[in-house]
Structure formats: structure tokens, C-alpha cells
Chemist: 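I am attaching a structure below and will ask some questions about it afterwards.
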Amino acid sequence: MNVLDNFLKICRNKDIKGAIEFQKSLLSYLCLENRFKNFKSICSFDISYDKSSRKNFAVAILLSYIKLEEVERSVIVEKADFPYVPGLLAFREGPAIVKVFKKLRNKPDLLLFDGHGIAHPRGMGIASMIGILLDRPSIGCAKSRLVGDFTEPAQMKGSISDLLYKGRKVGHVLRSRDKVKPIFVSAGHLIELDMATDIVLRCCHRYRLPKPVRMAHRLANQVRMDSNRMES
DNA sequence: GCGACAG
DNA sequence: ATCTTGTCGC
């Protein structure tokens, strides 16, 4: 059984212990070097959850890089089975993300996630995990901290401070706009932190969150609300 | 035992 | 994540 099938099996079985062991086993595949450059496209994902039907509305949105114009999108709806457990987000969202990824006709050069990469208790957040499983460069971009310590970056857009965890620099705390709450950037897979941070900042136009993440978020919500309107 | 805890 | 109103600051 290959790694991806193993992952999906753990998700189906809601195997918490197995999930943690799986994350540890993926560490040997993780690459934190810049193995690619001149990205031509960037893809972000998001899931909107409907409480009453307990369904996940998952979307992928593929944009050109650096212009950030939409190239393609894909959507899928499925029942959410794995619970949300801090540190195991990828097992809740991963199966749907893999599906929307595979549904795309174009293959993205780079994946951008709403969540952490290596800034994680076991160094294996959703961005790193999915990057490995899909064999693509990936970046983690979270709205809040999961692990690590940091000092507040300066108030000006572009200001950065280090996110430190267990004596290691695992990410950047980035002020993506003047005076907004900072975001947390970490390497996912096949990329270095400095390049990841540069790319995320280039994706922050006039909002706090990078455009691909924001677009995915809005699309997922829109799809969920449209679906609920069909019900009534 | 207590506090922390991506989405 | 979702639920949920008004409200504070630039």
C-alpha cells in the first residue's frame, strides 16, 4: 500500500494514534531546500464546514503567478469524518483537498495552505503533509500560532520576526499589511522559509491574507451558502 | 494536574 | 471551522 492510500485509510478509520505515527514517518520525505524556482502558478485550498449536514465544501483555486489571475477552480462536497484535533488538521481536510487537487486539469507549481507547514508539534503541519503526498512545493500560511515563541513584528507592512520552537527557527511572523494582526508563514515542502515568505508577501495586495487564500476562503463559503439555498 | 491548542 | 451584533479605529 502506498503512502497516499495509507493516509486515506487512517482518515477513514479516524485513527488518532496512527495519524501521529504517520506524521513522524513522513519526516524522512520532507525537503526544505529550494528545489524549484520561477513558479508560474500558485494554488490554494479551503474548506467550509456545514454544521447541520456535517459536510465539507472543499475548493481549489489556481492562479497565475505573479499576476494572481484565476486560471482554474475545482469544487467537491463530502461528509467530514475525521474530527478537528489541533496538530491533526491535515487528516480532517486532507482527503477533500487531495480530491479537489486531482480534479484540476492544470497541475499547480506551488501550493499555499491556510495552516502551518513545519511550525508544528511534530514538524509536519498540513502544508508539509499535503506537499509531500502530492509531491509539490508548498507553503504554510496560518492566521494564528500553533507552536513556538515570537516577538511582535514592527507595525509596517513587510516587517518580520522569527517564530522559534525548540531552539529552531520554524517560521516567520509576518505583518502582511500596516497595523494588522500578523500572519504565520512556514516552509511546507521543497522550499525554504525566505522564499516562502517572499512569495506570501507578494501575494498580499490589499488584504491581510494572501490573495489565493482569501479567494479560496470566499469561494468555499459561497459554495456552501449556495448549497444551503438549494435545500430550502 | 494545568494550560495551550492551525481550521 | 461555525454561531452571531454591534462597535471601535483608521
Side-chain angles (χ1 to χ4, degrees), chain A residues 11 14 16 19-20 22-23 26 44-61 75-98 100 111-132 138-150 155-157 163-166 170-189 193 196 200 206-210 212-229 231:
Chain A
C11 294
K14 306 179 181 59
I16 303 291
I20 291 169
F22 182 78
Q23 288 182 325
L26 280 194
S44 193
F45 308 87
D46 196 36
I47 289 179
S48 183
Y49 176 66
D50 183 59
K51 211 174 176 182
S52 60
S53 63
R54 287 187 300 182
K55 279 181 175 175
N56 277 334
F57 295 80
V59 307
I61 186 136
V75 176
I76 196 175
V77 182
E78 67 172 24
K79 193 162 183 182
D81 36 40
F82 204 96
Y84 170 68
V85 179
L88 300 180
L89 176 63
F91 298 88
R92 178 174 177 78
E93 300 196 340
I97 287 173
V98 169
V100 286
L111 312 180
L112 179 61
F113 288 89
D114 186 2
H116 296 281
I118 65 168
H120 177 277
R122 290 166 293 281
M124 196 50 67
I126 188 168
S128 299
M129 279 188 65
I130 306 298
I132 291 169
S138 63
I139 296 171
C141 178
K143 299 183 290 298
S144 63
R145 183 199 80 108
L146 177 59
V147 296
D149 306 301
F150 63 96
Q155 291 296 312
M156 194 183 93
K157 174 175 180 174
L163 179 61
L164 305 173
Y165 182 56
K166 291 181 174 175
V170 296
H172 277 149
V173 186
L174 171 66
R175 194 80 65 180
S176 55
R177 290 206 70 197
D178 284 2
K179 299 173 184 175
V180 299
K181 183 177 189 280
I183 58 179
F184 298 78
V185 180
S186 56
H189 184 48
L193 178 59
V200 168
R206 43 185 298 232
Y207 300 99
R208 176 188 175 228
L209 297 180
V213 170
R214 192 167 182 278
M215 288 181 73
H217 199 273
R218 303 189 78 208
L219 176 58
N221 260 317
Q222 183 198 313
V223 169
R224 175 176 55 83
M225 293 189 294
D226 287 353
S227 171
N228 283 336
R229 174 160 301 199
E231 302 294 316

Chemist: Which is more 5' along DNA chain C, the nucleotide nearest Lys179(A) or the one nearest Asp50(A)? Just name the residue.
Modeler: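 With Lys179(A) and Asp50(A) compared, the 5'-side residue is Asp50(A).
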Chemist: Just how far, in rounded Å, is P of dT4(C) from NZ of Lys51(A)?
Modeler: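 After rounding, the gap between these two atoms is 9 Å.
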Chemist: Between C1' on dA1(C) and CG on Asp114(A), what's the gap in Å once rounded to a whole number?
Modeler: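 My rounded result for the distance is 10 Å.
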Chemist: Going by the rule salt bridge (Lys or Arg N to Asp or Glu O under 4.0 Å), which residues pair with Arg92(A) if we only count those two or more places apart in sequence or in a different chain?
Modeler: none
Chemist: Is the distance from OP1 or OP2 of dC5(B) to the nearest side-chain N or O of Arg145(A) less than 4.0 Å?
Modeler: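 Looking at the OP1 and OP2 atoms of dC5(B), one of them is under 4.0 Å from a side-chain N or O of Arg145(A).
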Chemist: Side-chain N or O of His217(A) less than 4.0 angstrom from OP1 or OP2 on dA1(C)?
Modeler: yes
Chemist: Contact class for Ile97(A) (heavy atom, under 4.0 Å): base, sugar-phosphate, or nothing?
Modeler: nothing
Chemist: Are Ser48(A) and dT2(C) close enough that a side-chain N or O sits under 4.0 Å from OP1 or OP2?
Modeler: yes
Chemist: Name the stems with DNA chain B in them: runs of three or more consecutive Watson-Crick or G-U pairs, distances under 3.5 Å?
Modeler: none
Chemist: In whole Å, what is the span from the CG atom of Asp46(A) to the C1' atom of dG7(B)?
Modeler: 8 Å
Chemist: So what does Arg54(A) touch, heavy atoms closer than 4.0 Å: a base, only the sugar-phosphate, or nothing?
Modeler: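 Answer is nothing: Arg54(A) stays at 4.0 Å or more from every strand.
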Chemist: Any side-chain N or O of Asn56(A) under 4.0 Å from OP1/OP2 of dG7(B)?
Modeler: no
Chemist: With respect to the phosphate group of dC5(B), does any side-chain polar atom (N or O) of Ser144(A) fall under 4.0 Å of OP1 or OP2?
Modeler: no
Chemist: Are a donor atom and an acceptor atom from the side chains of Arg218(A) and Asn221(A) found within less than 3.5 Å of each other?
Modeler: no
Chemist: In whole angstroms, how far is the C1' atom of dC3(C) from the CE atom of Met225(A)?
Modeler: 14 Å
Chemist: Whole angstroms only, please: what is the CG-C1' distance between Asp149(A) and dC5(B)?
Modeler: 14 Å
Chemist: Under the criterion of centre distance below 5.5 Å and interplanar angle below 30°, is Tyr84(A) classified as stacked on the base of dG7(B)?
Modeler: yes
Chemist: Which part of the nucleic acid does Gly87(A) contact within heavy-atom distance under 4.0 Å: base, sugar-phosphate only, or nothing?
Modeler: base
Chemist: Are any non-hydrogen side-chain atoms of Glu78(A) and Pro95(A) less than 4.5 angstrom apart?
Modeler: yes
